[in-house]
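Letters A, B, ... are given to chains in the order of the sequence lines, protein chains preceding strands, and every chain is numbered from 1. Bear in mind that the values here come from a model prediction, so they are computed numbers and not experimental data.
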2 protein chains.
Amino acid sequence: MYSSELIKGTLKTIILKLLKNNGKMYGYEITQRVKELTNNKIQITEGALYPTLHLLEKEGEVEAETETIGKRVRKYYTITPKGKVTVDLKVNEFVDFMNTMKFLLDFELDVGHAAK
Amino acid sequence: MYSSELIKGTLKTIILKLLKNNGKMYGYEITQRVKELTNNKIQITEGALYPTLHLLEKEGEVEAETETIGKRVRKYYTITPKGKVTVDLKVNEFVDFMNTMKFLLDFELDVGHAAK
DNA sequence: TTGGATACCTAAGAGTTTTAGGTATTTTTG
DNA sequence: CAAAAATACCTAAAACTCTTAGGTATCCAA
C-alpha cells in the first residue's frame, strides 16, 4: 500500500507541515509519523529524508539540535519563522494544483477527513 | 503562472485522460488544450510530451496515425482499450493520493469546479 | 545472543522533466 | 512582402528528486 511516484515534489511540504504542527521532531520519528498518519500509504524512505532535512537546514527553513539519549544521539528539528512562511506557500501551491487537477481530470474528493 | 514540479508523475495520466475524453488529438494540440483548460497553470513542454507519447505508443496505451495537412504531417493519437483501463487506474490512484495528502496537510478544497 | 527496531548517514542508479537545441511549414503583422 | 510568430514535429544533455542499497551503531525483547 504505497502511492508511488506521485510523492515527488511533496516531500519538503510534508516535512515542514509536520514540524509546524508537532513542534520538534527527529528524522526517524517523521518517517514513522507519516507512515502511521497515512496508514502505510506514504512511506518516506530514509535515503530521501535525511538529505532533504540537511537541505532544509542549509536553506534556513529548519534548525537542528542534538540530544543524547543514553549513548545514542538524536537530532531534533524545529521549523524556523522562514520555514513557517514557506510551508504556507507550499501548501497553498499544492491546494491550487489539486484544484486544477480536479478540474482537468474531473474527479471528486472525500468530504470528510479520514485516511482509510 | 505554473504549478511547478508537482506535475511529476502525472503527465501520462493527463495525456490519457484527454485522449479518452476528446477522441483523437495530436501532440501540439494536447499542449495547447492543457494550457487552455488550466489557464496557463500547467504548461506541458514538448520535450516531455513527445517522448512520453512515443512511450505510451510502445506500451500499447495509445495508437498513432498520421495525417497530411498541406505539406505538413500531423500525428494523431487515439487511446486503446488497454489505455482506457490504465487511465481509470491512474486517476483512481491519483484521487487516493490526493485524499491522503488532504488529510496529511489538513486543507479544504473548493466545492465547485472552476479553473480560475 | 541474536534478530528486529531504533537512529543516523551517504552514494550510485533510476526515472521524469527541463533546457536547449534542431527542422520545416503556415499564418500574421508591420 | 519580409520578418516574426505560431504551428508541428523531434532529440539529447542536464537537472532534479527519489529509490535502492549499502554502512555504522545502540537498544530491547525473545
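When the side-chain nitrogen and oxygen atoms of Y50(A) are compared with OP1 and OP2 of dC8(C), one or more of them lie within a distance under 4.0 Å. Put simply, T45(B) has a side-chain N or O that comes within less than 4.0 Å of OP1 or OP2 on dT18(C).
Distance, E57(A) CD to dC9(C) C1': 14 Å, rounded to whole Å. As rounded to whole Å, 12 Å separates atom P of dC18(D) from atom CG of L53(A). Rounded to an integer number of Å, the gap from CG of L49(A) to P of dC8(C) is 8 Å. As rounded to whole Å, 12 Å separates atom C1' of dT10(C) from atom CD of E46(A). Spacing between atom CD1 of I44(B) and atom C1' of dT17(C) amounts to 12 Å, rounded to whole angstrom units. Spacing between atom CD1 of I14(A) and atom P of dT17(D) amounts to 14 Å, rounded to whole angstrom units. Rounded to an integer number of Å, the gap from CD1 of I42(B) to C1' of dT18(C) is 16 Å. Here dT16(C) presents its P atom at 12 Å from CD1 of I15(B), a figure rounded to the nearest Å.
For the pair E67(B) and K24(B), the salt-bridge criterion is met [side-chain N within less than 4.0 Å of a carboxylate O]. In this structure, D106(B) does not pair ionically with K17(A), as no charged nitrogen and carboxylate oxygen lie closer than 4.0 Å.
Other residues, nucleotides and ligands place no more than 12 heavy atoms under 6.0 Å from the CD atom of E63(A).
Across dC10(D), dC8(C), dT16(C), the shortest atom-to-atom separation from the side chain of K8(B) is found for dT16(C). In this structure, of dC9(C), dT17(C), dT20(D), it is dC9(C) that holds the atom nearest to the side chain of H54(A).
Residues H54(A) and K58(A) have side chains not in contact (no heavy-atom distance under 4.5 Å, counting atoms from C-beta outward). Two residues are said to be in side-chain contact when any heavy atoms from C-beta on lie closer than 4.5 Å; T66(B) and R74(B) fail this criterion.
In this structure, R74(A) reaches the sugar-phosphate backbone alone: every heavy-atom distance under 4.0 Å involves primed, P, OP1 or OP2 atoms, never a base.
Near DNA chain C, defined here as any heavy-atom distance below 4.0 Å, there are no residues from residues 21-35 of chain B.
Without hydrogens or angle criteria, T13(A) side chain to V91(A) main chain gives no donor-acceptor distance under 3.5 Å.
Residues A48(A) and V73(A) each lie close to DNA chain C; by heavy-atom proximity, the contact nearer the 5' end of the strand is made by V73(A). When the nearest nucleotides of DNA chain D are assigned to K12(A) and K71(A) by heavy-atom distance, the more 5′-ward of the two goes with K12(A).
Side-chain N/O atoms of E61(A) and T86(A) include a donor and acceptor closer than 3.5 Å.
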